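Shown next, in structure tokens, is the structure this report addresses.
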Amino acid sequence: MPRSTRRLPHAFVRAAAVFALSAGVIAPAVVLAPAAHADTGSAYDATLDDGRYRVGLLGDALWMKVSVLASTAPDAPVLASTEELTQLNGYWTTDAPLALPEGTALGDYPVRIDYRVPGRTTTYRAGAPYSHKTHIGVSRITADRTTTSWDHRQVVLSGTTTSWNPATGERSTAPAGTQVKLAYTVNALTTSGQRTGTATVGADGTFSLTVTPDGQLAGGTATIAQTPGVDPDDPAYLPYVQIEQLRYRITAAGDKYRVLAGTDLRVTGTVERLTDEGWKPFPGAPVVATGTQPFAYDGSAVNVLGSATSSATGTFGFPARVQYATDYVYASLRPSPYFVDSTRPYDRIDVAVPQQFTYTPYTITLDEFGRLVAQGGLSNSTYCAAAQPVTLQASLDNGRTWRNLRSGWTDNSCQYTFSLQGYESAYYRVYHPVTNQLVAKTSTALKRARTATRFSAFGISPTTPVVNGKMTVSGTVQRKVGGVWKPLAGAKLTLVYKPKGSTQWYWVSQSIATNTYGNFSYRATAYGDGSWALYLNTTGSYFYSETNAKYIDAR
């Protein structure tokens with residue numbers, strides 16, 4: 001279908017010209033007749049940096065015309081138009097910048113796009129505004145180095161700028177003071193991600209910015225900061241700056257093998273780096289001691305116990321605070337993108353960190369015969385080391401001083417038993433000295449005591465009783481109170497008899513009791529010749545006591 005050639009009335013043309021002049025511009029007064037229908041715009045429409053105009057999403061058009069209008073009014077005059085467009089990759093782009101009339105104010109102007117696609121009449125739609133503004137951008141940006149390294153970590157990014165005035169078509173550089181925004185990507189162990197920076201354009205139209213990527217500078221963009229009345233050009237792309245890695249080796253030692261948790265191990269050693277002249281001291285290296293083995297993929301040091309920076313000769317020395325869950329201390333350098341990432345050299349220091357434990361079960365008993373038995377075990381949440389040394393201790397001055405009574409070792413189940421003669425009254429505890437496996441620790445002090453007793457008198461009358469006749473067994477029982485012997489009232493006694501020629505003792509009575517004065521008396525039957533004796537039926541608070549045996553000849 002041919003393009004429309006219908007002309008507008010002269011009066012309308014004159015009115016359009018008057019409008020254009022009042023706006024301060026001179027423009028041809030040509031307005032295309034409306035088509036049968038209009039489409040919506042495209043987000044891909046854009047004014048290019050050189051003043052050309054790109055039309056998006058109309059790759060199948062048979063014909064196209066781009067017009068810049070003076071305003072959005074329905075009868076707005078056309079300031080510039082062209083049908084000279086080239087299609088590529090789904091976009092149509094004008095072959096030349098759209099030249100608006102001389103004197104046209106800088107700003108954004110509406111765009112009308114007329115086109116025809118197969119099977120449809122001529123159609124139009126609004127395009128993205130045409131940017132009749134000063135276009136400023138970054139024309140070139142370079143880096144002062146191609147790699148960063150341990151010794152040279154900074155990169156200077158330098159660039160030049162360009163400025164295009166659509167009213168004159170002239171090109172120059174950006175004005176001094178223009179701000180350039182740089183956004184760049186860093187690939188490093190712990191600092192990967194996006195960073196930004198701002199540079200200021202100088203009088204010669206150039207700028208520079210020093211950055212410290214601490215790793216690879218993986219490209220980025222440079223754009224002119226948004227400024228009123230200025231259309232920033234498309235971003236310029238930053239160059240890639242790679243990483244130059246180095247190899248190191250390290251040796252370390254500790255000042256002791258057994259280290260208590262929460263105390264310091266002195267770590268000393270040297271670190272070297274590989275150079276073109278071979279292995280040389282590595283000054284300023286970030287040495288770290290960890291309780292966890294370092295791996296090449298670690299982004300940071302794990303379980304740090306201490307750290308320091310190596311000296312000018314590559315030596316180092318620092319305290320490492322050791323914790324319980326440590327069997328080894330590892331000396332290495334803190335992870336860095338500047339170290340060869342396929343290895344993580346380290347030196348291992350063997351240490352023994354005694355573990356905490358509890359006494360369980362834990363008992364100390366003192367029986368009526370003065371026999372003391374202490375038994376229990378050492379329990380650790382992680383393991384129980386066999387053959388641990390233990391000592392039974394006693395204090396006779398309420399815990400002020402302690403004496404060792406018996407020493408020994410735990411069995412394969414970490415159990416111990418002590419059995420020995422105890423004191424009348426004392427505090428007892430079990431002590432475990434420090435070993436490579438367990439810390440030094442004492443059990444709870446327990447007081448164990450009984451009251452001493454004795455038969456202060458014991459007699460049988462008559463001394464030669466008649467066989468099966470009666471005789472009187474009597475005597476006195478005492479207890480020790482504050483070092484003084486006093487009567488033991490209400491004590492229960494047992495009378496026993498051993499016939500002549502026998503080795504067996506027999507109970508005669510278990511119900512003999514002392515009176516208020518500790519005295520007792522009992523009428524017994526003289527069974528015949530033999531030995532007689534009494535003993536105290538002890539309770540939980542008294543020691544056992546008994547009389548000497550008395551031999552009686554019965555007639």
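The residues of the chain are indexed from 1 along the displayed sequence. Predicted model only: the values in this text are computed from it and were never measured.
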*At what distance, to the nearest 0.5 angstrom, does CZ of Arg348 lie from CG of Asp350?*
5.0 Å

*Do Thr178 and Thr161 touch side chain to side chain, with heavy atoms closer than 4.5 Å?*
no

*Give a yes or no on whether the backbone of Thr410 and the side-chain of Gln415 come within a donor-acceptor separation of less than 3.5 Å.*
no

*Taking it one step at a time, do Val287 and Ile250 satisfy side chain to side chain contact (heavy atoms under 4.5 Å, CB included)?*
CA-CA 9 Å; Val287 184; Ile250 187 170; 4.0 Å; yes

*asked:* Tell me whether Lys256 is salt-bridged to Asp264, with the criterion being a basic N under 4.0 Å from an acidic carboxylate O.
replied: no

*Can you name the nearest heavy-atom pair linking Phe357 to Leu438, along with the distance?*
CD2-CB, 3.9 Å

*Heavy-atom count around Arg266 CZ within 6.0 Å, excluding the residue itself: above 12?*
yes

*Give the intermediate values and the outcome of side chain to side chain donor-acceptor pair (under 3.5 Å) for residues Tyr324 and Gln355.*
CA-CA 6 Å; Tyr324 278 121; Gln355 302 288 302; over 6 Å; no

*Determine, for Arg54 against Asp45, whether the closest basic-nitrogen to carboxylate-oxygen distance falls under 4.0 angstrom.*
no

*Tyr44, OH atom: more than 12 neighbouring heavy atoms under 6.0 Å*: no

*Any donor and acceptor pair, going by atom type alone, linking the side chain of Thr212 with main-chain N or O of Asp214 inside 3.5 Å?*
no

*Quick one: do Val155 and Asp144 satisfy side chain to side chain contact (heavy atoms under 4.5 Å, CB included)? Show the steps, please.*
CA-CA 6 Å; Val155 178; Asp144 68 334; 3.8 Å; yes

_Within the supplied structure, the quantity of interest is the number of heavy atoms (other residues, nucleotides, ligands) at a distance under 6.0 Å from Asn412 CG; does it exceed 12?_
no

*Using only heavy-atom distances, determine whether the side chains of Thr360 and Ser379 contain a donor-acceptor pair under 3.5 Å.*
no

_Are the side chains of Val340 and Leu246 in contact, using a 4.5 Å heavy-atom criterion?_
no

*Any side-chain donor-acceptor pair under 3.5 Å between Thr86 and Asp95?*
yes

*Flag the pair Tyr53 / Val111 as yes when at least one side-chain heavy-atom distance between them is below 4.5 Å, and no otherwise.*
yes

*Partners passing salt bridge (Lys or Arg N to Asp or Glu O under 4.0 Å) against Lys133 (at least two apart in sequence or in another chain)*: Asp108

*Specify the closest pair of heavy atoms between Phe318 and Val288, including all atoms of both residues, with the distance to one decimal.*
CZ-C, 4.3 Å

*Does any non-hydrogen side-chain atom of Ser172 lie less than 4.5 Å from one of Thr162?*
no

_Testing the 3.5 Å rule here: is there a donor-acceptor pair between the side chains of Lys280 and Thr275?_
no

*Just do the side chain to side chain contact (heavy atoms under 4.5 Å, CB included) check on Leu182 and Thr221 with the steps written out, would you?*
CA-CA 6 Å; Leu182 289 91; Thr221 59; over 6 Å; no

*Ring centroid separation for Phe339 and Tyr248, is it under 6.0 angstrom?*
yes

*Of all heavy-atom pairs between Ala70 and Tyr109, which one has the smallest distance, and what is that distance?*
O-CD2, 3.8 Å

*Will you find, in the side chains of Gln437 and Gln388, an N or O donor that is under 3.5 Å from an N or O acceptor?*
yes

_Minimum side-chain heavy-atom gap Val211-Tyr184 below 4.5 Å_ = yes

*What residues form a side-chain contact (heavy atoms from CB on, under 4.5 Å) with Gln216, not counting sequence neighbours?*
Asn187, Ala218, Tyr240, Gln242, Ile243

*Would you check if Thr160 and Thr206 make a side-chain contact, meaning some heavy-atom pair closer than 4.5 Å?*
yes

*Check whether any side-chain N or O of Ser311 sits under 3.5 Å from a backbone N or O of Thr315 as a donor-acceptor pair, and report yes or no.*
yes

*Which heavy atom in Ser67 sits nearest to a heavy atom in Val78, and how many Å separate them?*
CB-CG1, 4.1 Å

*Using a 4.5 Å cut-off on heavy atoms from C-beta on, say whether the side chain of Leu106 contacts that of Pro166.*
yes

*Using side chain to side chain donor-acceptor pair (under 3.5 Å) as the criterion, list what pairs up with Thr263, not counting sequence neighbours.*
none

_Run Arg273 and Asp151 through salt bridge (charged side-chain N to carboxylate O under 4.0 Å, His left out) and show every step you take._
CA-CA 12 Å; Arg273 60 186 293 181; Asp151 302 304; 3.0 Å; yes

*Looking at the rings of His432 and Tyr359, which for Trp means the six-membered one, are their centres under 6.0 Å apart?*
no

*Tell me yes or no: between the side chains of Thr185 and Gln194, is some donor less than 3.5 Å from an acceptor?*
yes

*Val201 to Ala174 - nearest heavy-atom pair and separation*: CG1-O, 3.8 Å

*Atom CG in Leu305, atom CD in Gln323: separation rounded to 0.5 Å?*
6.5 Å

*Please identify each residue that fulfils ring pair (Phe, Tyr, Trp, His ring centres under 6.0 Å) with Tyr346, with sequence neighbours left out.*
Tyr330

*With no hydrogens and no angle check, is any side-chain donor or acceptor of Ser310 less than 3.5 Å from a backbone partner on Gly284?*
yes

*Answer whether the closest heavy-atom distance between the side chains of Leu157 and Thr142 falls below 4.5 Å.*
no

*I would like to know whether Val351 and Thr326 meet side chain to side chain contact (heavy atoms under 4.5 Å, CB included); could you show each step before the answer?*
CA-CA 8 Å; Val351 294; Thr326 301; 4.1 Å; yes

_Rounded at 0.5 Å granularity, tell me how far CZ in Arg334 sits from OG1 in Thr290._
10.0 Å

*asked:* Check this for me, if you would: do Arg112 and Asp114 make a salt bridge, where the nitrogen-to-carboxylate-oxygen distance has to be below 4.0 angstrom?
replied: yes

List, one per line, each side-chain donor-acceptor pair under 3.5 Å for residues 225-239, sequence neighbours excluded.
from   : atom 1 : to     : atom 2 : distance (Å)
Thr227 : OG1    : Ala225 : O      : 3.1
Asp231 : OD2    : Ser131 : OG     : 2.6
Asp233 : OD2    : Gly137 : N      : 3.4

*asked:* The criterion is ring pair (Phe, Tyr, Trp, His ring centres under 6.0 Å); which residues satisfy it with Tyr130, sequence neighbours excluded?
replied: none

*Would you mind telling me which of Trp150, Tyr338, Phe316 makes a ring pair (Phe, Tyr, Trp, His ring centres under 6.0 Å) with Phe282?*
Trp150

*Look up atom CG in Leu85 and atom CE in Met64, then write down how far apart they are to the nearest 0.5 Å.*
6.5 Å

*Can you list the steps and then say if Arg344 with Asp298 is a salt bridge (charged side-chain N to carboxylate O under 4.0 Å, His left out)?*
CA-CA 9 Å; Arg344 181 83 184 279; Asp298 289 338; 3.5 Å; yes

_Just verifying a value: how many Å separate Trp63 CH2 and Thr123 OG1, rounded to the nearest 0.5 Å?_
10.0 Å

*Find the distance between CG (Leu274) and CD (Glu272) and round it off to the nearest 0.5 Å.*
10.0 Å

*So which heavy atom on Gly215 is nearest to which on Ala188, and how close?*
CA-CB, 4.3 Å

*Classify the side-chain pair Tyr362/Ser443 by whether it contains a donor and acceptor separated by less than 3.5 Å.*
yes

